[in-house]
Amino acid sequence: EGEDGEDFVPPKPATPVWAGYTLTNVLTVNWHIAEHASDYEIRENLNWGNAVGLVFRGYAHSLSFIPKSREFILYLRALNAAGEYSDGYAILTVSLPAPSPPSQPDVEAYFNALKIRPVPLASPSVMGYYVYISGDGISDKVPVVAGGSLTYPLPSGTTVVIQVSAYDIL
């Protein structure tokens with residue numbers, strides 16, 4: 001109860017504001033503290049309070065998760081201790097482009113093998129690389145973790161084409 005014997009009614013929370021996002025091995029979204037907020041709700045749709053489309057509900061100012069797609073919109077709304085929503089909501093448009101193609105790999109030829117080192121991209125979201133080896137009846141796709149290398153057995157005198165692509169969490 002309040003000082004005058006009336007029940008305390010918490011003020012309606014302010015509309016929250018997104019601070020941004022970063023992609024590494026997870027997507028991390030951040031938002032600023034909203035005045036009078038005791039919880040936040042993040043959704044993929046505008047069905048506030050509904051389980052379908054709910055991404056997060058609780059008290060925090062950041063959230064890390066693995067996204068399901070490269071392009072999507074998140075909606076953020078604050079709640080007070082009585083469960084009353086802020087008047088407005090914030091919209092975050094997330095765009096996660098695929099990793100750029102890396103440079104040609106470093107390749108060292110040995111008697112019966114090739115040592116292939118993908119050239120790292122300066123992107124914290126790159127988890128690794130695919131090395132594509134083709135030619136002379138060969139068609140292989142071999143994963144290599146970021147920072148790693150591949151020793152590929154190959155008879156001396158065999159000519160192949162080597163290409164590399166990067167992959168991230170999506």
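All heavy atoms count here, side chains included; hydrogens, waters and symmetry mates do not. These numbers come from a predicted model, not from an experiment. Quick note: residue numbers are just sequence positions, from 1.
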* **Verdict with reasoning, T159 to D136, per side chain to side chain contact (heavy atoms under 4.5 Å, CB included)** => CA-CA 7 Å; T159 301; D136 202 14; over 6 Å; no

* List the steps and the verdict of side chain to side chain contact (heavy atoms under 4.5 Å, CB included) for H32 and L76. => CA-CA 11 Å; H32 298 286; L76 171 66; over 6 Å; no

* Passes side-chain hydrogen bond (donor to acceptor under 3.5 Å, both in side chains), S165 versus Y132? Steps please. -> CA-CA 8 Å; S165 68; Y132 302 86; 3.2 Å; yes

* Asked: Are V131 and I162 close enough, and set up right, to give a side chain to side chain contact (heavy atoms under 4.5 Å, CB included), and what steps lead you there?
  -> CA-CA 7 Å; V131 176; I162 300 169; 3.9 Å; yes

* To do: Just do the side chain to side chain contact (heavy atoms under 4.5 Å, CB included) check on D39 and N80 with the steps written out, would you?
  => CA-CA 7 Å; D39 275 319; N80 65 14; over 6 Å; no

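Contacts of Y110 classified as ring pair (Phe, Tyr, Trp, His ring centres under 6.0 Å), with partners at least two apart in sequence or in another chain: none. Residues forming a ring pair (Phe, Tyr, Trp, His ring centres under 6.0 Å) with Y167 (at least two apart in sequence, or on another chain): Y130. S103 meets the side chain to side chain donor-acceptor pair (under 3.5 Å) test with no other residue; sequence neighbours excluded. Under the rule for a side chain to side chain donor-acceptor pair (under 3.5 Å), T15 has no partner lying at least two apart in sequence or in another chain.
Between the R77 side chain and the Y85 main chain, no donor and acceptor come within less than 3.5 Å of each other. Remark: side-chain polar atoms of W18 are not paired, donor with acceptor, to backbone N or O of Y75 under 3.5 angstrom. Put simply, the side chain of N30 never gets that close to the backbone of A19: no donor and acceptor are under 3.5 Å apart.
The hydrophobic cluster containing F56 also contains F65, counting ILVMFWY residues as joined when their side-chain heavy atoms lie under 4.5 angstrom apart, directly or transitively. Neither W31 nor I91 shares a network with the other; the hydrophobic side chains, linked directly or stepwise wherever heavy atoms of I, L, V, M, F, W or Y lie under 4.5 Å apart, form separate groups for each. The hydrophobic clustering, which links ILVMFWY residues whose side-chain heavy atoms are closer than 4.5 Å, places I42 and L23 together. The hydrophobic clustering, which links ILVMFWY residues whose side-chain heavy atoms are closer than 4.5 Å, places I116 and V119 apart. Side-chain heavy atoms closer than 4.5 Å link hydrophobic residues (I, L, V, M, F, W, Y) into clusters, and following such links, possibly through other members, connects L170 to V29.
Heavy atoms only, all atoms of each residue included: P99 and A166 are closest at CB-CB, 3.7 Å. In terms of heavy atoms, A81 sits closest to S38 at N-OG, 3.1 Å. The shortest non-hydrogen separation linking E71 to S95 is OE2-OG, 2.8 Å. A pairwise comparison of heavy atoms in A34 and A14 identifies CB-O, 3.4 Å as the closest pair. Across I169 and N25, no two heavy atoms sit closer than the pair CG2-O, 3.0 Å. Heavy atoms only, all atoms of each residue included: P67 and F72 are closest at CB-CE2, 3.8 Å.
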List the atom pairs, donor and acceptor, that lie under 3.5 Å between side-chain atoms in residues 146-158 and the rest of the protein, sequence neighbours left out.
from: Y152; atom 1: OH; to: D140; atom 2: OD2; distance (Å): 2.4
from: T158; atom 1: OG1; to: P155; atom 2: O; distance (Å): 2.9

Could you tabulate the donor-acceptor pairs under 3.5 Å formed by side-chain atoms of residues 43-51, not counting sequence neighbours?
from: R43; atom 1: NE; to: N45; atom 2: OD1; distance (Å): 3.0
from: R43; atom 1: NE; to: N47; atom 2: O; distance (Å): 3.1
from: R43; atom 1: NH1; to: E41; atom 2: OE2; distance (Å): 3.1
from: R43; atom 1: NH1; to: N50; atom 2: O; distance (Å): 2.7
from: R43; atom 1: NH2; to: N45; atom 2: OD1; distance (Å): 3.0
from: R43; atom 1: NH2; to: N47; atom 2: O; distance (Å): 3.1
from: R43; atom 1: NH2; to: N50; atom 2: O; distance (Å): 2.9
from: R43; atom 1: NH2; to: V52; atom 2: O; distance (Å): 2.4
from: E44; atom 1: OE2; to: K68; atom 2: NZ; distance (Å): 3.4
from: N45; atom 1: OD1; to: N47; atom 2: N; distance (Å): 3.1
from: N45; atom 1: ND2; to: V52; atom 2: O; distance (Å): 3.3
from: N50; atom 1: OD1; to: V52; atom 2: N; distance (Å): 2.8

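A distance of 11.5 Å separates OH in Y40 from OG in S62, rounded to the nearest 0.5 Å. For the atom pair CG of L63 and CG of L27, the computed distance is 8.5 Å after rounding to the nearest 0.5 Å. Considering CG of L114 and CD1 of I133, their distance stands at 7.0 Å, rounded to 0.5 Å.
Looking at Y129 and P105, their side chains never come closer than 4.5 Å, going by heavy atoms from C-beta outward. I73 places none of its side-chain heavy atoms less than 4.5 Å from the side chain of V94. Residues P118 and P102 are not in side-chain contact: their nearest non-hydrogen atoms beyond the backbone lie 4.5 Å or more apart. A 4.5 Å side-chain heavy-atom check between V145 and M127 finds every atom pair outside the cut-off.
Between D87 and K12, at least one side-chain nitrogen of the basic residue sits less than 4.0 Å from a carboxylate oxygen of the acidic one, meeting the salt-bridge criterion.
If you check the side chains of Y21 and T28, you find no donor sitting under 3.5 Å from an acceptor.
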